[in-house]
Amino acid sequence: MVPENNRVDHCNDNAVVYHSMGRTVLIAGNDTPLKECLLSSSQSRGFNVVCGSERLTPFSARSLVLKGLNEYGSIDSVLLVHSTDDDKRLVHDIPAVDLETAVDSLFKSPLFILKEVLTLFLKQKEGTISFVLQSSEPESSAPLNAFSTGGFKALAGSLFSAYQNETFVLNGFDSHEEHLEEYAGFILDTLEDKNRLIHGKWHRFSDRSGFFRSLNLPGLGR
């Protein structure tokens, strides 16, 4: 739901911009309940939000970034969301069209938007890119989940190393819990706390009777 004091522009099929006062957050990644929670939580905090579809092309990724820049002058934070689903089909049982869709949304789209925002943050010399991972089955044997999650983690680790000397921050968030609203709140709380914006750090979210933890996990997923 969009707050009453916000105006919504459906600028094209790939982006929705929510107008308010405050930080500008770009949300991208596969369309899942976690992405929706991050969108609604960002809105409720008064952030300017630019949200892209899960199947981005080079053109639509660039248009998404330009939309945020034209509306607000800068983009402060990027949340790249990856959530697994319950698709346990084996590879030989998955239709080719479904495989193509998965490759587009889980592999191509993140790379297209990362190319644009990394180029932007190199010019701005500031910003935060967060890899946001959510999996209810951390050791899933489902082929697509294992393939995409492993690639997402490896990509994050590679970029943490490649851009470690830059003035912008890349970090990550990971959760195996199903409390998505609390997880979204935890992510946004961390982004608002500049003392916790540490380059190359994975923040692990867990809900233990209402107790939230953020751990430095160099070996995430092990």
Side-chain angles (χ1 to χ4, degrees), residues 1-3 6 16 18 20 22-54 76-88 102 105-106 109-110 128-142 144-153 155-157 160 169-198 200-222:
M1 181 177 296
V2 181
N6 284 7
V16 178
Y18 295 87
S20 61
R23 175 193 298 267
T24 300
V25 178
L26 187 153
I27 302 174
N30 55 338
D31 294 336
T32 61
L34 175 58
K35 188 177 177 184
E36 290 299 316
C37 285
L38 286 166
L39 175 60
S40 59
S41 296
S42 297
Q43 294 167 221
S44 67
R45 293 178 184 233
F47 293 170
N48 300 315
V49 184
V50 185
C51 187
S53 70
E54 69 176 358
D76 303 297
S77 302
V78 175
L79 300 176
L80 186 58
V81 182
H82 179 83
S83 297
T84 60
D85 56 28
D86 58 357
D87 187 350
K88 294 181 172 59
S105 63
L106 299 177
S109 291
T128 303
I129 300 174
S130 297
F131 291 79
V132 179
L133 179 62
Q134 194 275 328
S135 174
S136 57
E137 298 183 28
E139 303 299 331
S140 175
S141 60
L144 280 182
N145 286 345
F147 185 33
S148 62
T149 300
F152 190 79
K153 293 176 183 176
L155 175 62
F160 290 172
V169 173
L170 292 98
N171 60 15
F173 295 87
D174 177 53
S175 174
H176 304 315
E177 306 286 345
E178 297 183 356
H179 305 282
L180 300 183
E181 290 186 2
E182 289 86 349
Y183 183 31
F186 169 74
I187 292 167
L188 296 177
D189 284 345
T190 304
L191 292 179
E192 289 189 284
D193 184 353
K194 292 185 178 181
N195 291 326
R196 297 167 72 181
L197 290 181
I198 300 172
K201 179 176 181 178
W202 280 99
H203 300 268
R204 168 69 58 80
F205 169 82
S206 65
D207 184 357
R208 297 289 185 269
S209 300
F211 177 65
F212 302 147
R213 295 186 301 170
S214 173
L215 301 177
N216 191 359
L217 300 173
L220 179 65
R222 296 179 182 174

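Keep in mind the model is a prediction, meaning the values are calculated, not measured.
With rounding to the nearest 0.5 Å, the separation of CD in Q134 from NE2 in H179 is 11.0 Å.
I187 has its side chain out of reach of F205: every pair of non-hydrogen atoms, C-beta onward, lies at least 4.5 Å apart. Side-chain atoms of R45 and E192, non-hydrogen and from C-beta on, do get closer than 4.5 Å to each other. In this structure, the side chains of F173 and S130 come closer than 4.5 Å at one or more pairs of heavy atoms. Between K35 and L39 there is no side-chain heavy-atom pair separated by less than 4.5 Å. A heavy-atom distance below 4.5 Å is found between the side chains of L191 and L197. Within the 4.5 Å cutoff, the side chain of L106 has heavy atoms near those of the N30 side chain. A heavy-atom distance below 4.5 Å is found between the side chains of L188 and L79.
Partners of E181 by salt bridge (Lys or Arg N to Asp or Glu O under 4.0 Å), not counting sequence neighbours: none found. Residues satisfying the ring-ring contact (aromatic ring centres under 6.0 Å, His included) test with F131, not counting sequence neighbours, are F152.
Proximity of a side-chain donor or acceptor of T149 to a complementary backbone N or O of A146 within less than 3.5 Å is not detected. Between the S44 side chain and the S41 main chain, a donor and an acceptor come within less than 3.5 Å of each other.
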